[in-house]
Amino acid sequence: MSFPSRGISRSSKTGKIKSVYCKNFVTYGECVFHPTEYLNVIIGPNGTGKSTLVSAIVLGLGGDPKILARSSSIGDYVKNGCDSAKIAVEIFSHGDDTTKFQRKFDLSGKSQFFINDQPVTQKKFLESVDHFKIQIGNLCQFLPQDRVQDFAKMNPQEILLNTINSVCSQDVINNFQKLKELRHSQENGKCDYKNLKQKLDSTLARVEELKVQLERFNARKDIQDKLGVCMAKKLRLEIEDIQNKISDHENDLILANEQFAANEKEYQTILKKQSMIDTTNEKLRKEIEDKERNLKIADDRKNQIIRKIEILKTQINEEKSKFEKRKRESNERQNELKHELKMLQVYAEDLKILNTEEMSKTNREKQIRELELKCEQIKQATKRLDQQHRNLLNQLEENIPETQALKSRLESLENVSEQKLKFLKNKFPDVYDAVKWIDENADKFEAQVYKPVILELTVMNQNHAKYLENIINIKDLLAFSCESASDLSLLTTELCWKRKLQINICHAPPNPPESAFRPKVSIDEIRQYGFESYLINVVNGPRAVLGSLCSLYNLQNIPYGGDYVNSCTDQIPNYINNYFGGDNYYTLTISKYGKRESSLMQRTISSKGLLCSRNDNEIDAIKSRLNELTRKTDNLRNQRNAIEVKIRDQNVCYQEASKNKKELQNKEMELNRKIEQVERQKKKIRTLEKDAIVTPEIEGQYKRVCEKAVQDILKLQEEKIGILKAVQKAMDSKAVAASKLCIYRQENEEIVNIISATKEKRDNAKNRVEIITHKCNYLKRDVKQKMSESLKYTNQMEPTDRKFTHKEFYNSLTNSLEELRDIISDFSGRLDCMDDVDAEHDFESYGIEILVQYRKNVPLQALNRHVQSGGERAVAIAVYTMSMQHITHVPFRCVDEINQGMDARNERKIFEMLVDETTKTGNAQYFFVTPKLLPKLKTNERMTVHVVFNGRMVQSKKAFAII
């Protein structure tokens, strides 16, 4: 079936929407939407009211709410808190004249209809809408958000009917209905027709059939020849157009080369000025640096003086404390000396009384003295030995807790795997059961199967474990890895399905390339900011597991460093998006819009204890300390045993001397005791007299020290005043230099912008030269190819040649390509009709079946919601609806979120096709509603983007801005 041209002129705006007004409708309090004549892209976040505009058009033009597949009652579209709503859709009628369709409805679902503010019945309202060829219920014209998938549910007959209603005139629709009615009449009279046909003379029928075939053959041959001539004429006209384009492009190329030369000269001139500006900027910057150095030197000298003053003040306080202490000690000693002198007098009187009594023999006295001396010596020796023995026991007891703690710590460090397994058993029992199953069934695997990451990885420095724990997700730390896909399937079946274990299993390629571990930027380039290395260098483990983690978390490009990194965040380049500094984690985000502003987020991190590992340095230190304690303990035990032997020997000697002493002690004890007391008292008095402190000397020394310290402080204070003046002068000089640099930069800021603009102009001119050159070469090749094709259609003869059979027909053809294409289409259609003529037509079964192919080596398949995915069906529906855009007679079309589910490649192609088709002169108005678009899409001057932001923070609630 051929489709006639539309019933309205391509330049007419009749039936297109001029404006849509909503009041108390769904989320809108009051708004006005002004679409443009061709493509209108409506974009905005979900929930802002994009689809509400589509609903307003449907309901405002008399549509049933069921068409939108959201609610069966129009009362549900009244805004919350309101009693009624109003929709007004203004349509172009003739020229710039418009017709306004209004619909008011309340919560009960009762509607009132108005045309140009005059009340009308619903029937008349719908007839007026239909007069403009608007078909709200036709999915080929109107495809709301919730009806996109309904398109794929239509059978071929429904698709054909909706397509005819969308692209054909009313005459075609009526003729198609008459065809179906005639077909019914034909079926009813079929029996009569067969009886009459049998009465025809067979010979006459054969003759007539041959005549018809002959006429068809001659007509077909003539049409084929004329079709070839038309094709040749078409190619010749296209060649003329292309040659004109080549001439225009060559002229443009000359102008572009001239423009490029002028821009290049201007760019080189401006670069010289830039060099002078850079030299002056560098000179001013160095001057500021010199001022800063002078300021720092003066400030350091000031701090030194302050520290010296504080030291002198501390010295004065210390001397004062010493003086007061020694003064107290002197008073105490004087009192003690007086007391001891009195005691000495008492002891002397007692000794004098004892000397007057009868004394024992000289030998006995001598013997007693010798025995007493011996006992005293033994007693002192024994006391020293007991003290040494107690010290040794205390030292042995002090070593026991440290030894036990070190042994426990050593055992804990050497059994890291057991600790990790206990941790998994307590916190993640499913993961622990999976590890045990893998250990018991290791012979079932084709390749290496890796246990969870926390078991496979070893962090070389325990202080670095916190970085990995805050980067790698806990589910990936607990994930199992398989080098073989069959092992992955086996683990999934056995552990996840059969044993119902909730674990993660991933595929880890066995031999990742070296480039997977190589950072984009060498660590030497960023070491100046305090970075030590990248995270991939702090951990050891299987290469396959490390490669998988690098691909997931980019470990080879995340640097870490100490606290110095925190002071350099403003200097770190923007291409480093993630990094660690001490206990802080930084993430840099750069906006993709506007001025590409960046934001740096910081959060404090801490160790989670998930990646604990064997610390060989600590183990070696503990073993060394244990050996040292063992040697020390053995030495102490040997010393203890030797002392115990000496104590026993001394006890024996003491017992013997005590036995002999008791026989003599009763007679000489009292005398010796008194003599000893007197001697001790004298000795003590001599010691007190010797250690006596002279108070005037101490006080004089204290005054001299304080006077000297005060003089030094006064000198330092004078020097401090001079330094403070120097600091103030240096700060003023620095401020002046900085102001000069700032002023100079502001004065020359314009030249920087000029350089950038000049460079951009030069680059644009260069690109234009290259593009035009490429276009010229392409068009010349196209001319050569089309000329060759044209000669094939004319049997290698020029159409102007006298021997050319169809020369007159060729000259009679129009020089308009559009009209010539219509003639070619007509001849082609006539040829197709002549191939096979079937008198039997079941017009009721006529339909359109959409066949699609999305993969190579797969035959064409009918569009079906059970076969194709949602994205594939969306692509097919979009392409089919746009294929009717140039032949449709409806004034506008609308699709809502048809791009949802498409991949980026198909979405970009569909959008480019949409822009090309809907922006052609005379095409129908088009509304494309979507919550998002891909970046850098194709645009057109006839395309308008409406951005919808509907919410309480929007300042204007009455109109959408047009971009």
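Residue indices begin at 1 and follow the sequence shown. The model shown is predicted, which means the values in this text are computed figures rather than measured ones.
Judged by distance alone, with hydrogens and angles left aside, the side-chain atoms of D916 form no donor-acceptor pair with the main-chain N or O of T919 at under 3.5 Å. Listed for the N116 side chain is no donor-acceptor partner under 3.5 Å among the backbone atoms of Q118. With R908 contributing its side chain and K938 its backbone, the two residues share no donor-acceptor pair below 3.5 Å. For Y28 (side chain) and G49 (main-chain N/O), a donor-acceptor pair under 3.5 Å exists by modelled atom type. A donor-acceptor pair is defined here as one N or O able to donate and one able to accept, closer than 3.5 Å; no such pair exists between the side chain of R103 and the backbone of A85. Listed for the D130 side chain is no donor-acceptor partner under 3.5 Å among the backbone atoms of L126.
The structure places CZ of F928 at 9.0 Å from CE of M943, a figure rounded to the nearest 0.5 Å. To the nearest 0.5 angstrom, T98 atom OG1 is 3.5 Å from E90 atom CD. Atoms CD and OG1, from E37 and T921 in turn, are 9.0 Å apart once rounded to the nearest 0.5 Å. Atom CD1 in I134 sits 4.5 Å away from atom CD1 in I91 (nearest 0.5 Å). A distance of 7.0 Å separates CG of D476 from CG of N504, quoted to the nearest 0.5 Å. Distance check: E127 CD to K123 NZ gives 5.5 Å after rounding to the nearest 0.5 Å.
Using a 4.5 Å cut-off on side-chain heavy atoms (C-beta onward), I43 and V945 make contact. The shortest side-chain heavy-atom distance between Q102 and I87 does not fall under the 4.5 Å cut-off. The shortest distance between side-chain heavy atoms of Y926 and N40 does not fall below 4.5 Å.
Surrounding NZ of K23 are at most 12 heavy atoms belonging to other residues, nucleotides or ligands under 6.0 Å away. Within 6.0 Å of atom CD in Q502, 12 or fewer heavy atoms from other residues, nucleotides or ligands are found, so the atom counts as exposed in its surroundings.
Closest approach of A56 to C22, counting heavy atoms only: CB-SG, 3.5 Å. When all heavy atoms are compared, the tightest approach of V948 to I42 is CG2-CG2, 3.7 Å. Between Q925 and I17, the shortest heavy-atom distance links the atoms OE1-N, 2.7 Å. Here the closest non-hydrogen pair linking S111 and F105 is OG-CB, 3.6 Å. In terms of heavy-atom proximity, H34 sits nearest to S19 at ND1-CB, 3.7 Å. A pairwise comparison of heavy atoms in G15 and F892 identifies O-CD2, 3.5 Å as the closest pair.
In this structure, R942 satisfies the cation-pi test against Y38, with its NZ or CZ atom closer than 6.0 Å to the six-membered ring centre and inside 45 degrees of the ring normal. In this structure, K86 is not positioned above the aromatic face of F25 in the sense of NZ or CZ being under 6.0 Å from the six-membered ring centre and within 45° of the axis.
The one candidate from F125, F114, Y21 that meets the ring pair (Phe, Tyr, Trp, His ring centres under 6.0 Å) condition with F101 is F125.
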| query | Can you list the steps and then say if D97 with S93 is a side-chain hydrogen bond (donor to acceptor under 3.5 Å, both in side chains)? | reply | CA-CA 6 Å; D97 296 335; S93 53; 5.2 Å; no
| Criterion side-chain contact (heavy atoms from CB on, under 4.5 Å) on I57 and C894, from CA distance to verdict | CA-CA 10 Å; I57 296 174; C894 177; 5.6 Å; no
